[in-house]
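Bear in mind the structure is a predicted one, so any value in this text is a computation, not a measurement. The figures here come from the full heavy-atom set of this structure, side chains too, leaving out hydrogens, waters and symmetry mates. The sequence lines fix the lettering, A, B, ..., with proteins before strands; numbering per chain opens at 1.
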Amino acid sequence: MFSLAMFGQALVNGVSLSAIYVLIALGFTLLFGIMRVVNFAHGAFAMFGGYALFFAYGQYQLPYAVAIMGSALLVASAGLIFEYLVVRWFYHKMFQSMIGLMGLNMAMVFTGVIVWDAHERSIPAAASEVLFVGDLVIPADRVVVLGVAIVVLFLFWMFISKTKYGLAMRAASQDVEIAGTQGINARRVYQVAFFIAIFMTALAGSLYSQVYALSPFVGERILMVAFVVVILGGMGSIPGAALGGILLGLSESFLSTFFGSAVSTFVTFGAVILLLIVRPWGILGEPE
Amino acid sequence: MLVIWPIFTSNQFLFTMASMVLLSAIGAASLNLIIRTGHVSLAHAGFMGIGAYGCVLTQMYMGWSFPLALIFGCLLSGLVALAVGPIILRLTGKYFVLITFMLGEIIRMIFIEWKSLTGGSNGLGNFPPIHPIFESSINFYYLALVVSVLCVALCWRILTSELGRAIDSMREAEKVALCSGVPVIKIKILIFVIGCVLVAIQGAFQAHLIKFVDPTSFNDLASLNFVVMNVIGGMFHVAGPLIGTIFISLFPELLRDYVDYQRVIFGVVLIIVMAALPGGIVGTFARLRGKK
Amino acid sequence: MFSTRILRRVLFLFMFTAWSIVRAQTPEELKIGVIAPLSGGGTAWGLALQRGAQLAVDEVMAKGGLKIGNKVYAPKLVVFDSQYTAAGGRVAAERLISVEKVKFIIGPIGSPEVLGALPVTMKSETLMLSNGFAVPILKNPENSPYNFRVLNTSVEFGRVMVKWYRENYPKSKKVAMIGPNDSVGQMVVPQMAEVYKSQGFEVWSELYERGSKEFTPILLRMIAQKVDLFDLAGNAPSEVGLMIRQARQSGYKGHIWQAGGPAVDEAIAIAGKLSEGYMSFNVFDFDNPKAANFVKAYRAKYGSGVINAQTPIWHNATHMLFESMRRSGGTDVKAVRDSLEKLDGFEGGLVGPVSWGGLAEYGVNHQLLHEFLIVEVRDGKIVTRATITPQKR
């Protein structure tokens, strides 16, 4: 069982898992970092992204790149409406935001059930070939996800560290009042941050739904993953999301392959609990 | 009034629903104790499960009578709370929420994986009843009433006593309380253990009401329900969790025909309550009365 | 004056007669309870139950109502969500019985909800046509007087299917099973493991936490075991398609089938071309001309999504209930129950003639043994390889 070929394949699987996990966690950690909001509706927005892609790519058959970007943009724009109606009442209010956003999640998910029915659907794959590299088997659609993850991570990092808006967002996340005295419009910054976060979340959701399957309940697992990745890597930290995603993806792949899924789950949970006890702000996070 | 109404009807459904509401009130009130110390626990249903399985298993396999089995279930829950309490109660805010969430999941997974003991996902049925008298819904209702009143009264006594004042001071200004000589962490552990023991009582009785124990009754959604009961009813008033329990338990029954719409409305209600009514239902009434 | 009196009397007599005739023809409402999981994990099956039963009711109403004896009834479904939990099943049953005053219930589906509802329905002598794989549902000290199981469980079809596989693929030696650790998986996987072992197979099995969609690590683990057959028994339709797709994408070349489900349509929908060669237990052939009307009615009412294969089963169960009422001449529960027990041979129209069995396994003949199929996916279409009627035991 412990052969080089198995090891290699577990690595390939782990990397593809990591890509998905990183994408899922990015939007989540951004919202926490800037607005200190634990977005319990994260899964629901991801689910909307999935349905948007389903219609854009599956039904209307737009070219893939257009479909992916377009659907994420659409959901992010719709997200701004939710931001205006619901989310902005909860900034910097930890506890209320949790329950309030849970309510938003429930409302969104079951609206999805009413509109789209509960059954699972499939979104046609962007690339259905399977690549064979030596002994290794690499499905092409996972490579697409990996590619998107890398591009998005890079673009986002550039935005945050190099552009004025990025700088404004970081300033607002550290101290919103002082940032205000420097002429930064907190409201505008939050809206931009929210837009970007939902864009990434919808993108992650559409890719996730494409690789797996789409239903109104697809967000449950997505939210769990986001939590674990962000706790591991550090809440509010972008490099933390990347690190957490890689750690979770690789460990799940290796542990499940060689020791079974129960072991993998227990170890993951154990690691998270240990981290919460010893270093709750995550590996790359900062204590508050 | 709670004692008299059953005389006027013979509707079994009402008795069962009422018993469920009464038992849930124990869970909500006991969680309220823990919340008052500043910690929101998402593991509460897990401890309810420990009480349920502890009681039922000793009845089934050791032939113990219900009172003895009940005490065992509570002790087991209390011991687990005592073991993990000192570790997790050092965390605050969202970290405590997250770690109790994980704890709840671990407890649930143990229920599922330890098939030989707990019957796994297929649960346990066919265990000896509390006593043949309580097979009738109306008698069980009175039993639930007595138990529930006792437990809630205990919570109320704690909250209105010297201990209760210490708890409030801890929540509002922990460092100041420490300096005043309040043994903060010890009290937190004590309250956490008491809360977990009380919800174990609910678990044992509820198992006998439904005559079935399975892991899905003790999952994160069940824990979340207790939190929502507290939040909607009002966390900082004694009556809060009780009002919340009634609301959460009965709301689904009002909209039985439209499950999906029900959930959507529920979600919207949560948003509105959280955004606009932070004190919950009870808190809002208190504010309105105060204003007048 | 004499004539107006007579006229008045004749008029009155005429109106009274007319009124009686009209009253006899106006159907009396007959409430039938339905308990189904309409939220949470079992929603796909819950909808199958609700829709199947409703289509049966629609058919009866289209023919002018349910004629029992010399009265006409208008059956009406009262549907409650059980949320796939024991407490949910219990509360739904209580409300149906105590508040809605129903005497007949169709459903629930999952073992926990059935076990939650049983104490109440048994005590109140309410007739239930339900599912649930757990053995104590039928095998209990009271001999399950009012509960009937209307779907084959792996006990009924597992052995026959494995024997069929052995005969057709004698070279296969090792089988793998990957299932969820919920109530279905934990019951079905060990049961089927025993069946395989008794037929000389070597068995490897693993259970996963329900909710996960990523099976490649476990599948990689399975492929390392070098198995000939991969059985998806116990998996929900949503996971079946993903497992097939991911298994093939991971390079697994052996047989894949499900001695359970069925979830063939879902498999084709999700796994697409990769479902080629997939075999499965199936209860219904949607391409059969007999099914055409059913499919048309379903599509007209419920849209174009996948029709869950449990739908015709519940449609059949509802018709069985109606027929038992007709034969017993009324709506008395004990009489209807006795009729139901003697319904062998009745054709509900979609799943073959009724046959009750299960005496050897459960102590009472309340297990429906309906005809089933072993099918294979070829070119995206479902092809029947064998039609099997379980033996009465």
Side-chain angles (χ1 to χ4, degrees), chain A residues 1-3 5-6 9-10 12-14 16-17 20-21 109-110 113 116-125 128-130 132 135-142 208-209 211-218 220-222 224-225 249 251-262 264-266, chain C residues 37-48 178 180-181 204-226 236-242 245-246 248-252 263 265-274 302-308:
Chain A
M1 164 92 84
F2 289 88
S3 68
M6 284 280 285
Q9 187 66 47
V12 166
N13 291 343
S16 87
L17 268 177
I20 299 180
Y21 289 167
V109 168
F110 283 92
V113 174
W116 295 309
D117 205 6
H119 70 262
E120 304 237 334
R121 301 165 196 249
S122 170
I123 304 179
S128 43
E129 303 86 36
V130 177
F132 292 95
D135 271 336
L136 302 177
V137 179
I138 309 177
D141 60 351
R142 306 289 178 112
Y208 185 93
S209 305
V211 168
Y212 302 116
L214 176 68
S215 86
F217 303 107
V218 82
E220 274 172 43
R221 170 99 180 129
I222 290 181
M224 259 305 271
V225 166
S251 76
E252 254 190 30
S253 178
F254 279 101
L255 289 174
S256 289
T257 304
F258 294 113
F259 301 109
S261 63
S264 169
T265 312
F266 271 111
Chain C
L38 295 173
S39 59
T43 309
W45 296 312
L47 287 174
I178 300 181
N181 64 5
W204 178 87
S205 70
E206 173 111 4
L207 296 184
Y208 62 86
E209 177 79 17
R210 184 102 196 262
S212 166
K213 303 279 190 200
E214 178 62 57
F215 304 111
T216 35
I218 311 185
L219 289 167
L220 184 58
R221 193 170 158 74
M222 174 189 91
I223 292 175
Q225 308 294 324
K226 301 218 188 331
S238 49
E239 272 79 39
V240 166
L242 283 174
R245 187 164 91 190
Q246 292 175 11
R248 293 297 183 211
Q249 280 180 335
S250 299
Y252 173 67
D265 298 275
E266 289 89 344
I268 298 178
I270 307 265
K273 283 207 274 277
L274 293 172
Y302 299 116
S304 59
V306 169
I307 307 179
N308 185 284

Inset, instruction - Heavy atoms only: give me the nearest Ala269(C)-Ser122(A) pair and the separation to one decimal. - result: O-CB, 3.3 Å
Legend entry - Side chain Thr257(A), main chain Phe254(A), donor-acceptor under 3.5 Å: no
Legend entry - Contacting region of Leu17(A) [heavy-atom separation from chain C under 4.5 Å]: side chain
Legend entry - Side chain / backbone / both / neither for Leu207(C) at chain A, heavy atoms under 4.5 Å: backbone
Inset, instruction - Check each atom of Phe132(A) against the heavy atoms of chain C and say whether the ones under 4.5 Å are side chain, backbone, both or neither. - result: neither
Inset, instruction - Salt-bridge test for Glu214(C) and Arg142(A): reply yes if a basic N is under 4.0 Å from a carboxylate O, no otherwise. - result: yes
Legend entry - Which atoms of Gln249(C) approach chain A - backbone, side chain, both or neither, heavy atom under 4.5 Å: both
Legend entry - Side chain, backbone, both or neither of Leu242(C) within contact of chain A (heavy atoms, under 4.5 Å): side chain
Legend entry - Note, Glu239(C) side chain near Lys213(C) side chain (heavy atom, < 4.5 Å): yes
Inset, instruction - Specify the closest pair of heavy atoms between Ser261(A) and Glu206(C), including all atoms of both residues, with the distance to one decimal. - result: N-OE2, 2.8 Å
Legend entry - Side chain, backbone, both or neither of Arg248(C) within contact of chain A (heavy atoms, under 4.5 Å): neither
Inset, instruction - Among the options Gly260(A), Ala213(A), Pro139(A), pick out the one with the most heavy-atom pairs lying under 4.5 Å from chain C. - result: Gly260(A)
Legend entry - Closest non-hydrogen atom pair, Pro216(A) against Val109(A): O-CG1, 3.5 Å
Inset, instruction - Counting only heavy atoms closer than 4.5 Å, note whether Arg121(A) contacts chain C via side chain, backbone, both or neither. - result: backbone
Inset, instruction - Identify which part of Thr216(C) has an atom lying under 4.5 Å from any heavy atom of chain A, answering side chain, backbone, both or neither. - result: both
Legend entry - Side chain / backbone / both / neither for Gln246(C) at chain A, heavy atoms under 4.5 Å: side chain
Inset, instruction - Considering non-hydrogen atoms only, spot the tightest contact between Asn13(A) and Pro217(C) and give its length. - result: ND2-N, 4.4 Å
Inset, instruction - Identify which of Ile223(C), Ile270(C), Asn181(C), Leu274(C) forms the greatest number of heavy-atom pairs closer than 4.5 Å to chain A. - result: Ile270(C)
Legend entry - Glu220(A), part contacting chain C, at a heavy-atom distance under 4.5 Å: neither
Inset, instruction - Give a yes or no on whether the backbone of Phe217(A) and the side-chain of Ser215(A) come within a donor-acceptor separation of less than 3.5 Å. - result: yes
